[in-house]
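Below is one structure, written out as structure tokens, with a few remarks after it.
Proteins come first, then strands; the chains are lettered A, B, ... in the order of their sequence lines, and each starts at number 1.
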Number of protein chains: 2
Amino acid sequence: MRTTSLSVFSDPRSVAVVGASADPAKWGHWVARGALRGADRRDVHLVNARGAVIEGTRSVPSLAALGEAPELVVLCAPADTVPDIVDEALDRGVRGFLGITAGIDAVHGPGAELRLAARIRAAGARLIGPNCLGVYDAAHELELAWGTFTPGNLAVVSQSGQLGLEIAGLAAHAGLGISRFVSLGNQVDVTAVDVLDDLLRHDATKAVIVYLESFADGRDLVAAMTRLRESGRPVVVLTVGASEASRLAARSHTGALTSATAVVTAACEAAGAVLVDTPVEAVDLAHLLLGSPFPQGRRVAVVSDSGGQGALASDTLSRHGLVVPRLRAETSGRLSDILPAAAGVGNPVDLAGGGEKDLDTYARVVDILLRSDEVDAVVLSGYFGCYGAETPTLADRELEVIETLGGTVRRHGRPVLVHSMSHDSVAVRAMREKAVPTLHTIDAVARSLGLAADLAVPPRGLGAGPDGPSADLALAAPADYLTGRDRLEAYGVRYPRARAIRTREDVDAAVGALTAPFVLKAGWIEHRTDVGGVVVGLEGTAEVRHAFEDMHGRLGDGGFVLEEMDRRPDVVELIVGARRDPSFGPIVMVGMGGVLAEVYRDVRLGLAPVSDSQARAMLSSLQAFVVLEGWRGRPARDVGAAARVVSAVSRVLAEQPDIAECEINPLRVGVDGAVAVDALVIQLPDCPVGEPADDASTLTGFLP
Amino acid sequence: MRTTSLSVFSDPRSVAVVGASADPAKWGHWVARGALRGADRRDVHLVNARGAVIEGTRSVPSLAALGEAPELVVLCAPADTVPDIVDEALDRGVRGFLGITAGIDAVHGPGAELRLAARIRAAGARLIGPNCLGVYDAAHELELAWGTFTPGNLAVVSQSGQLGLEIAGLAAHAGLGISRFVSLGNQVDVTAVDVLDDLLRHDATKAVIVYLESFADGRDLVAAMTRLRESGRPVVVLTVGASEASRLAARSHTGALTSATAVVTAACEAAGAVLVDTPVEAVDLAHLLLGSPFPQGRRVAVVSDSGGQGALASDTLSRHGLVVPRLRAETSGRLSDILPAAAGVGNPVDLAGGGEKDLDTYARVVDILLRSDEVDAVVLSGYFGCYGAETPTLADRELEVIETLGGTVRRHGRPVLVHSMSHDSVAVRAMREKAVPTLHTIDAVARSLGLAADLAVPPRGLGAGPDGPSADLALAAPADYLTGRDRLEAYGVRYPRARAIRTREDVDAAVGALTAPFVLKAGWIEHRTDVGGVVVGLEGTAEVRHAFEDMHGRLGDGGFVLEEMDRRPDVVELIVGARRDPSFGPIVMVGMGGVLAEVYRDVRLGLAPVSDSQARAMLSSLQAFVVLEGWRGRPARDVGAAARVVSAVSRVLAEQPDIAECEINPLRVGVDGAVAVDALVIQLPDCPVGEPADDASTLTGFLP
């Protein structure tokens, strides 16, 4: 038996709303009303136990009363009746169920929804929801949801129905229409991944906003978002879990764990998707994703008819990680040629009345700026978009200039964004149609442009599929120091030379094999620093003996380690770690070392494995990367070596199923290589050890 | 001769628009049209060289043609004619000039505008502008500006006319009206301070938004904003200069220097004003300032009819520095009593359908939360505000609930903010009227509430008026180390004991007078660390002698200093400095020490002098304050001692006119006091030295 395709939820041949209602405050009313709007395209049946007349259409008392079974059934009926309705519908050959009804488990006991889904799947049918808010598909005039939708090119997929509606409403308010809306509900059958993959075949969809509270199948989701991006449909992701309050709420609401924002950020980077914080950020960004070119970098020219607004635009763009560079003299000269004497021809450009004198000046200035190759985008900020609305004699001229602007954007393949003091004029709508994203605040323009600049980087994908651990992670325990070092050295991470010491008799041989100064470590103790299990700066046999006796006296027998000290000057300390995320699998982390870096939360995560160049990108996006580059006259450190260690650590977790977690703190990065001087490796006792892939030991260039 | 009061710009008995125009694209047309709207209240004359008919009113060819001189003249005429018009008007007794015309200096040469202002002042009259965009006063139906205004309670004062209009337009779009609008222009006579002080007598004004590009009279401005705040009119400040591009633009645009954002932040703190980044931030915040109580702290309860929106609201509030605390079991119990079983009764509160069942649930939940005393504000996020608009049968009920909500706010004196999915419904407008600020995005709600929480602190004022330097700061040069120490020790800053060494003969006596270990410093060299002018860890006479010989050999004769070393454990290093800002006078700065703190820009500024408790507030608002409090099990450091040093350094600059700048880097803060181990004091050579005020040497408790 063939499983039904998801097209039953976007273009069913016939639909029945079970639980349709005449009460305008009830879901069953809204869905029925929406379903009837598609009655030209398909058979629409309303099922209401009392046979009520709804919006002029008489309902039938039950599915049994229908001559032919509908292809899709919308479940709005009370929770206690739903299982029987489903069974009856399956018997009659229904192919799809849209589950609006909530609380089925509460009535029928835990697991009832999953059992329902199993019966539906067994019959080759599919279920969206239950506890969802419905679906909408513009191309097929299918409207089975609360709310009203405007047709357009933006798909909204949401784990929270009402938050999805908020996104759709904000989009409508901003003049953007919806191509498809899917409220996912409890996802007991159809999941976010299924719905995203289905959008690959949806011509009307040009961009996607997805809201998720949990990422049960994180890697599948990344793959699905990557496919959408590669099909030309950028994905904007919204999630929760940045605060303790929302983590607790999500857990009690859906029973699922949210993922840390930094992990979701890493997942979006892998997929070439953009993570935003709020619905309006997603919608503002969508203006730029629907037709406009993306910026290929962060350099922006600002043009305004007001010195104040130009300066404020520059500040706001800078706050969003964009750069407003000085223009070359040649470009400023070209601007001078067409602008009044009082104009500012640096960046920001101040038209100083040149726009009013001739509106075409706006288009000419933009063309000069884009032609200069000095900027990746132009932002117009101010009155443009208001001329025609406030002075009707200028209306036609303004539209002509907008036509020219649209041509300039197409010709140069670079975005022009407009912050217009008009919220919604004919000119504003014309600009949006010409792929000139136009927003009402400079905040929205700057934020959207900053986010879109992230999309200049193509999806990096996920690399080789990682192996998960084959035993319970709770059984994992720290390896002793030398074992930990060995596991990491197998991947090319370099450590100072070291020797094991178990008794005082081992001291002389160890000292003889190494070069002073030394550090003595109690290698079997995880938090050895806290218990006096580390002594640094030992210079010779006598000092080492004395330190060993003292430490052994205090800490007892164990695997001591004598290690050479890395005393290179101008070293910057990093922390590099990796762990297994419950949703996204192995994750690698890098950050600056030390207490302050922890306070300022300056760390970057990546889905493991990451390549050397991906690791380098992680490093360079640290706020404190300037320190590695050579801050205040200090020399540049060996960033390449640091990146190779980050990549190596990521592969350790991706390839070694017995390692639950590992951390190097600190990794000392000098001008000539990176040396690890600690190794915390948490491993499972009874788990196969993987083989490092062939390229694992290619790290070079450490201690001089 | 009495100088005219500024009321001539808000309620003139008569007005003449000189340069009125029939062309709707010209300023002279807009101003004429606006002026005529007040013709019921005052005589309005239009002056147009060709005697044109404008909006049905015949103009006169010149001021001379008017029988009686108008009280106020609006200057829209070409720049070349303005000086003659002014002279004629002054002769006829005109009391006020509103200078719209731009470019007077460009036509008549540099200084022409200042000379014009001098003539006007000499005649006892006043001038706003020139190069301004006009004024509007709702109470007196005076409309002499481009644009259209809605009457209300928000005053807008702007150095950039168009940016001021953007603010007014955003306010109108958000349902907020304007009480007075003043475009300041070039401020050659009437300044921002004058206009702000005039608002003290303006009953219609309940809050003020001011945009300034420069702060020539920074301390006067702080005093004026403080007076407004104390009169119950909170001030929102907008400025530019956060990016290099905007600093350059402002300089070329107005010739003025912008102030660093951190300095303006400090000025706003002193005035009890709020600094925002963009126009829409100012307008969103104004909703809260016009009638709603301010939050007295940062604890917020979130209520939503959607689990997703509640979680997202919690995250967004957290990003804006607010706290969404867990509720006590007792409060959760009270919520459980009135909510469905599926509801979330933690924080966020998830109504789970309880709102639809009975809309009054919204008001009852808010009342329970405010009555609990566990939160300083409540945020409703979601569908509330849409019920009546989408389901007309619920409209009356929704308005009743809003009435109840308004009463709850008044009774508890704490704010309730609503994020409503409706942009502008009857219910939304009703909430705004009931002092329940209602905004369309959770972003705007969270940001506004976070900013308003800053207003819980009353203005701290400026302390004693600081003395400025009496000589050119460019002549200032670094004092030698011991002199610098002395200047700071006079204010109670503690240093380790030290002795001067000029020759090798001084070494023994110095060593004898101090306790090892020592540090030897080349005290006359400013950047001594860079040239090997600091040697630490010296243990006895021999080591000191050797170090002295070596340093003397390399650096030559000079004022060497032998100093005891502060070797206390668990010390946190701070940097404390003070300098003279061209606009705001003496400024004190504190931040974490070290390279990373510099990268993360974690510093706080204050207008000097600051008291001990103000200094403590500066310290506690450092992001890395947690490190001083005892991070990761480390002990709490002596924050009080650190604060006393910050206060002392602030008083050094406020009271010592010869000191241009000083810096302690580092200040070592331990569990038992703060010890300075460096002193950079930049002083003027020929300038009187001030007396420390009496309380200067009260710092206690340093080295054990």
Between [options], the one whose heavy-atom pairs under 4.5 Å with chain B are most numerous:
| options | answer |
| --- | --- |
| A/I442, A/V627, A/D277, A/T441 | A/D277 |
| A/S314, A/G169, A/S243 | A/S243 |
| A/D602, A/L170, A/T316 | A/D602 |
| A/P348, A/A352, A/A106 | A/P348 |

Ignoring hydrogens, what is the shortest heavy-atom contact between [X] and [Y]? Give both atom names and the distance.
| X | Y | value |
| --- | --- | --- |
| A/P279 | B/L312 | CD-CD2, 3.6 Å |
| B/Q623 | A/V599 | O-CG1, 3.6 Å |
| B/G308 | A/Y211 | CA-OH, 3.5 Å |
| A/S246 | B/D315 | OG-OD1, 2.5 Å |

side-chain hydrogen bond (donor to acceptor under 3.5 Å, both in side chains) involving B/S318 - partner list, sequence neighbours excluded: none
Measure distances from [X] to the heavy atoms of chain B and classify the residue's part below 4.5 Å as side chain, backbone, both or neither.
| X | answer |
| --- | --- |
| A/T278 | both |
| A/A342 | neither |
| A/L238 | side chain |
| A/E356 | neither |

Toward chain A: residues of residues 319-327 of chain B with heavy atoms under 4.5 Å: B/R319, B/V324, B/R326
By ring-ring contact (aromatic ring centres under 6.0 Å, His included) - contacts of A/H440 (at least two apart): A/H423, B/H173
Neighbourhood of chain B inside residues 383-393 of chain A, taking heavy atoms under 4.5 Å as contact: A/Y383, A/E390, A/T391
Between CD on residue B/Q162 and OG on residue A/S304, distance to nearest 0.5 Å: 6.0 Å
